[in-house]
Structures are given as structure tokens and as C-alpha cells.
Colleague: 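Structure provided below as C-alpha cells; questions to follow.
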Amino acid sequence: MNMSSRETTHSVTHFILLGFSSSPEMQLLYFGLFSAAYILTLMGNTAIVCAVRWDQRLHTPMYIFLGNFSFLEICYVTTTVPNMLANFLSSSKSISFVSCFAQFYFFFSFGCDEGFYLCIMAFDRSLAICCPLHYPRIMTKELYTGLVIFGWSCGFILFITPVVLISRLPFCNPNIIDHFMCDPVPLMMLSCSEDITTQLIYSAFNAVFMTGTFLFILCSYALVILAVLRMPSAASKRKAFSTCASHLAVVILFFGSVMVMYVSPGSGHPVKVQKIVTLFYSVITPLCNPLIYSLRNNEMKAALKKVFGAEISVLKT
């Protein structure tokens with residue numbers, strides 16, 4: 001039985017990513033749209049990274065976390081979009097077994113890291129607003145450096161288990177994935193035998209991670225709101241709410257779409273819904289984040305003007 005399973009697993013050497021099936025003309029249109037979105041995402045997040053790196057006024061824990069988060073977004077979107085763009089111009093749309101699982105591992109590791117960074121940023125804001133007098137003593141260079149390392153490393157450590165479990169499933173033909181990336185849900189559907197144990201472990205992993213991080217963030221901002229409401233100054237309230245509003249917008253964008261897909265992968269979402277939701281959190285959210293963080297932040301806008309030496313037109317909100 002083990003021998004048969006092993007032979008079946010190795011019978012698939014590559015997968016076909018169908019992506020967005022359409023006419024060649026529409027494929028070119030998709031290529032143009034997603035190329036523009038990818039370039040804008042890289043430009044926006046790189047601008048924030050450069051502003052944090054080169055402007056001394058932004059060398060504070062909040063902006064250091066934001067700079068790392070923006071660099072993480074660049075890595076996150078780069079794991080899938082270049083391959084998706086190549087497939088728009090390709091007739092084969094093939095990806096090797098190893099490359100498929102490498103994409104799976106890095107995409108979800110970076111995604112997991114994003115969740116942890118949102119937690120770290122929420123913790124930092126709650127500490128700064130709820131305990132402003134003790135904040136400089138608590139948030140030392142050693143602590144925020146440790147949090148930066150923690151945020152980058154956790155996803156890569158935690159996602160080893162799901163990737164190994166799913167890669168060891170017996171795969172056989174057909175090897176066609178009706179998706180634009182190597183998503184674990186359609187991958188598990190391609191297995192020759194339904195492995196309930198792997199599905200349960202994967203679902204439990206996602207549920208614990210996403211609900212845990214989401215609840216931590218909600219509790220952190222609940223404490224922030226209570227602290228802000230007790231502030232006597234209206235200007236202080238507006239500044240605190242403005243900062244937190246940007247963070248909460250990113251949290252809702254990220255967790256809202258991800259929870260729909262991965263807390264219950266066995267729920268059988270339609271293929272089109274899977275693609276649209278995945279597209280939202282893998283392409284649209286990284287594109288919007290620089291706008292969300294910069295449009296409502298005067299310090300960031302001033303730093304961008306200083307670093308790039310040009311006036312940046314900003315829509316008044």
C-alpha cells in the first residue's frame with residue numbers, strides 16, 4: 001500500500017495553472033491590468049520603505065514596523081504575481097511540482113508573517129496610547145528588534161508542517177489546478193485519496209492562527225478606543241483615531257478576505273469565488289496598503305516629499 005502511494009505521488013511532476021480562462025485578447029488585457037497593479041504595488045511599498053530608511057524622524061518603532069510590513073508586502077505579492085503574468089502570455093501554463101510547493105510555502109509564510117506584523121503594530125499602538133509615559137521605557141530597541149525578527153520568522157517556521165503534509169499526499173492525473181496560484185485547497189482536491197486528517201490539521205492550523213491573531217488585534221484596539229475616549233484633548237483624540245483607523249482598515253481588508261477562504265477549506269466555495277477572494281488579498285490589498293497608510297499620515301507624507309524631493313498630490317479626506 002505504501003509503495004503504491006509513493007508511486008502515485010511521484011507520477012505527477014508538474015501542474016497546470018488554468019488561471020483566468022478567457023480569449024487571448026482578454027488574457028492580454030488581464031496582463032496589462034495586473035502588470036500595472038504589480039508595478040504600483042512595488043512603487044508604493046518601496047516608497048514607504050525608503051522613507052522609513054532615510055528619514056531620521058521616522059526612526060521610531062511604529063514606522064520601523066510599518067517599513068518592515070511594506071517590505072513584507074513586496075515579498076508577498078512577488079511570490080505569485082510574476083508567475084501569473086507569465087501565464088497570461090503562455091500557452092502551457094505549467095509549473096513544476098517543486099516550484100508549485102515552493103510558491104505555496106513562501107506565499108503563505110509571508111501571509112502568516114503579515115498577520116503577526118498586524119498584531120505587533122496593534123500591540124505597539126495600544127502600548128503607546130494606553131501607557132504613553134511608560135512607552136519609551138518598555139518599547140526599547142532590544143524589544144522592537146526582537147519583535148521585527150519574530151514577525152519575519154514565525155510564518156516560515158509554522159508553515160513547514162502544512163506544506164510537508166500536503167506535499168506528501170498521493171497526487172495523480174489530472175494535474176490541472178483551476179486557479180492562478182498553487183493554493184492548498186485545490187491542491188488537496190487533486191489528491192488521489194481524500195485525507196481527512198490532513199484537511200482537519202490544515203483547517204485547525206488556519207482557524208487557530210487567524211482567530212487568535214484577529215482577536216488579539218481586536219482586544220488591542222478595544223483598549224486603544226477606551227484610552228482615547230478618556231483623553232481630555234479633542235486634538236489628541238483625532239490624532240489617535242486617525243492612526244488607528246489606518247491600521248484597522250488594513251486589518252479588515254486582510255483578515256476579512258482570508259477568513260472567507262481558509263478557516264473552512266472543506267466548505268466548497270465556487271471556483272470563481274476562490275479566485276476573486278484570493279486575488280483580493282494577494283493583489284488588491286498590497287496595492288491599497290501604501291495609500292491607506294500614507295494618505296492619512298502627515299509625518300509619512302512629509303517624509304515622502306523630503307526623500308523623493310517632489311510634491312506628492314494627496315486627496316483631501
Colleague: Sequence neighbours excluded, which residues qualify as side chain to side chain contact (heavy atoms under 4.5 Å, CB included) partners of Phe150?
Modeller: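 Per chain and number, Phe150 pairs via side chain to side chain contact (heavy atoms under 4.5 Å, CB included) with Phe116, Ile120, Cys154.
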
Colleague: What distance separates Leu187 CG from Asn175 CG, expressed to the nearest 0.5 Å?
Modeller: 11.0 Å

Colleague: Checking His59 side chain against Val52 main chain: does a donor-acceptor pair fall under 3.5 Å?
Modeller: yes

Colleague: Do you know which two heavy atoms are closest between Leu72 and Glu114, and how far apart they sit?
Modeller: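 Taking Leu72 first and Glu114 second, the nearest heavy atoms are CD2-N, 3.5 Å.
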
Colleague: State the CE-CG distance between Met26 and Leu33, to the nearest 0.5 angstrom.
Modeller: 8.0 Å

Colleague: Looking only at heavy atoms, what is the nearest atom pair of Val49 and Ser70, with distance?
Modeller: CG2-CB, 3.9 Å

Colleague: Is there a side chain to side chain contact (heavy atoms under 4.5 Å, CB included) between Phe255 and Leu118 once you walk through the steps?
Modeller: CA-CA 10 Å; Phe255 281 98; Leu118 290 172; 3.8 Å; yes

Colleague: Checking the side chain of Thr46 only, and the main-chain atoms of Met43 only, is there a donor and an acceptor separated by less than 3.5 Å?
Modeller: no

Colleague: If every non-hydrogen atom of Phe69 is compared with every non-hydrogen atom of Asn289, which pair is closest and at what distance?
Modeller: CE2-ND2, 3.6 Å

Colleague: Supply the atom-to-atom distance Ile252 CD1 to Thr285 OG1, rounded to the nearest 0.5 angstrom.
Modeller: 11.5 Å

Colleague: Does any part of the side chain of Leu66, heavy atoms only, come nearer than 4.5 Å to the side chain of Met121, both counted from C-beta?
Modeller: yes

Colleague: Please tell me if the side chains of Cys100 and Ile177 come closer than 4.5 Å, counting only heavy atoms from C-beta onward.
Modeller: yes

Colleague: Could you work out the complete set of other residues in the hydrophobic cluster of Leu287, with links drawn between I, L, V, M, F, W and Y side chains under 4.5 Å apart?
Modeller: Leu40

Colleague: Between Ile48 and Phe71, is any pair of side-chain heavy atoms under 4.5 Å apart?
Modeller: no

Colleague: In this structure, are over 12 heavy atoms from other groups packed under 6.0 Å from Arg53 atom CZ?
Modeller: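 No, the 6.0 Å shell around CZ holds no more than 12 heavy atoms from other groups.
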
Colleague: Would you check, one step at a time, whether the test side chain to side chain contact (heavy atoms under 4.5 Å, CB included) holds for Leu147 with Met139?
Modeller: CA-CA 10 Å; Leu147 289 172; Met139 189 57 72; 4.1 Å; yes

Colleague: Is there a side-chain contact between Leu89 and Leu85, using heavy atoms and a 4.5 Å cut-off?
Modeller: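 Side-chain contact under 4.5 Å: no.
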
Colleague: One pair to check against side chain to side chain contact (heavy atoms under 4.5 Å, CB included): Arg57 and Glu299. What are the steps and the verdict?
Modeller: CA-CA 8 Å; Arg57 293 173 298 176; Glu299 289 178 329; over 6 Å; no

Colleague: Verify, without hydrogens or angle tests, whether Ser191 (side chain) and Pro170 (backbone) share a donor-acceptor contact under 3.5 angstrom.
Modeller: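 Indeed, once roles are kept as given, a pair shorter than 3.5 Å links the two residues.
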
Colleague: Taking the hydrophobic residues Ile, Leu, Val, Met, Phe, Trp and Tyr, and joining any pair whose side-chain heavy atoms are under 4.5 Å apart, which ones share a cluster with Val208?
Modeller: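 Noted: Val208 shares its cluster with no other residue.
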
Colleague: Minimum heavy-atom separation for Ala51 to Leu58, with atom names?
Modeller: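 Closest heavy-atom pair between Ala51 and Leu58: O-CD1, 3.7 Å.
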
Colleague: Membership question, hydrophobic clusters at under 4.5 Å side-chain separation (ILVMFWY): are Met189 and Leu165 in the same one?
Modeller: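 Hydrophobic grouping puts Leu165 apart from Met189.
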
Colleague: Any donor-acceptor pair under 3.5 Å linking the side chain of Ser167 with the backbone of Val164?
Modeller: yes

Colleague: Would you mind reporting whether Ile16 and Ile95 have side-chain heavy atoms less than 4.5 Å apart?
Modeller: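 Ile95 vs Ile16: side chains apart.
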
Colleague: Treating Ile, Leu, Val, Met, Phe, Trp and Tyr as nodes and any side-chain heavy-atom pair under 4.5 angstrom as an edge, say whether Leu190 and Tyr105 lie in one connected cluster.
Modeller: yes

Colleague: Please answer: with hydrophobic residues joined when any side-chain heavy atoms are less than 4.5 Å apart, are Ile160 and Leu169 in the same cluster?
Modeller: yes

Colleague: Residues in ring-ring contact (aromatic ring centres under 6.0 Å, His included) with Phe110, at least two apart?
Modeller: Phe156

Colleague: Return all side-chain donor-acceptor pairs below 3.5 angstrom for residues 212-220, not counting sequence neighbours, or 'none' if the list is empty.
Modeller:
{"from": "Thr213", "atom 1": "OG1", "to": "Phe209", "atom 2": "O", "distance (Å)": "2.8"}
{"from": "Thr213", "atom 1": "OG1", "to": "Met210", "atom 2": "O", "distance (Å)": "3.2"}
{"from": "Ser220", "atom 1": "OG", "to": "Phe216", "atom 2": "O", "distance (Å)": "2.9"}

Colleague: Does Asn45 have any side chain to side chain donor-acceptor pair (under 3.5 Å) partners at least two apart in sequence or in another chain, and if so, which?
Modeller: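 Result, side chain to side chain donor-acceptor pair (under 3.5 Å) vs Asn45: none returned.
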
Colleague: Test Ile166 against Phe101 for side chain to side chain contact (heavy atoms under 4.5 Å, CB included), laying out the working first.
Modeller: CA-CA 9 Å; Ile166 296 174; Phe101 277 91; 3.9 Å; yes

Colleague: Backbone N or O of Ile74 within a donor-acceptor pair of the Thr41 side chain at under 3.5 Å?
Modeller: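 No, the answer is negative, given that no donor and acceptor are paired below the 3.5 Å cut-off.
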
Colleague: Any side-chain heavy-atom pair from Ile201 and Pro162 closer than 4.5 angstrom?
Modeller: no

Colleague: Under the side chain to side chain donor-acceptor pair (under 3.5 Å) test, which residues partner Asn87, sequence neighbours left out?
Modeller: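 In terms of side chain to side chain donor-acceptor pair (under 3.5 Å), with neighbours along the sequence ignored, Asn87 is linked to no residue.
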
Colleague: So which atom in Val283 and which in Met84 form the shortest heavy-atom distance, rounded to 0.1 Å?
Modeller: CG2-CE, 4.4 Å

Colleague: Quick one: pull up CE in Met188 and CG in Asp183 and give me the separation to the nearest 0.5 Å.
Modeller: 8.5 Å

Colleague: Output the distance between atom CG (Leu253) and atom CD1 (Ile284), rounded to the nearest 0.5 Å.
Modeller: 10.0 Å

Colleague: Please examine the side chains of Phe104 and Val163, heavy atoms only from C-beta on, and report whether any two atoms are closer than 4.5 Å.
Modeller: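 Yes, close enough: below the 4.5 Å cut-off.
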
Colleague: Which pairs, with at least one residue in residues 171-182 and sequence neighbours excluded, count as a salt bridge (charged side-chain N to carboxylate O under 4.0 Å, His left out)?
Modeller: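 For residues 171-182, and leaving out neighbouring residues, the salt bridge (charged side-chain N to carboxylate O under 4.0 Å, His left out) pairs sorted by first residue read Asp178-Lys275.
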
Colleague: According to ring-ring contact (aromatic ring centres under 6.0 Å, His included), does anything in residues 11-34 pair up with another residue at least two apart or in another chain? List the pairs.
Modeller: Phe15-Phe97, Phe15-Phe171, Phe20-Tyr30, Phe20-Phe180, Tyr30-Phe88, Phe34-Phe88

Colleague: Holding to disulfide bond (SG atoms under 2.5 Å apart), I want the full list of residues that pass it with Cys112, two or more places apart in sequence or in another chain.
Modeller: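 Partners of Cys112 under the disulfide bond (SG atoms under 2.5 Å apart) test: none.
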
Colleague: Tell me every residue that passes ring-ring contact (aromatic ring centres under 6.0 Å, His included) with Tyr76, counting only those two or more places apart in sequence or in another chain.
Modeller: Phe107

Colleague: Which atoms form the tightest heavy-atom contact between Leu304 and Ala47, and what is the distance?
Modeller: CD2-O, 3.5 Å

Colleague: Atom CZ in Arg168, atom OG1 in Thr198: separation rounded to 0.5 Å?
Modeller: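 Arg168 CZ to Thr198 OG1: 10.0 Å, rounded to 0.5 Å.
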
Colleague: Can you pull out every side chain to side chain donor-acceptor pair (under 3.5 Å) where at least one residue sits in residues 144-153? Sequence neighbours excluded, please.
Modeller: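 Those involving residues 144-153 are Asn68-Trp152, Tyr117-Trp152.
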
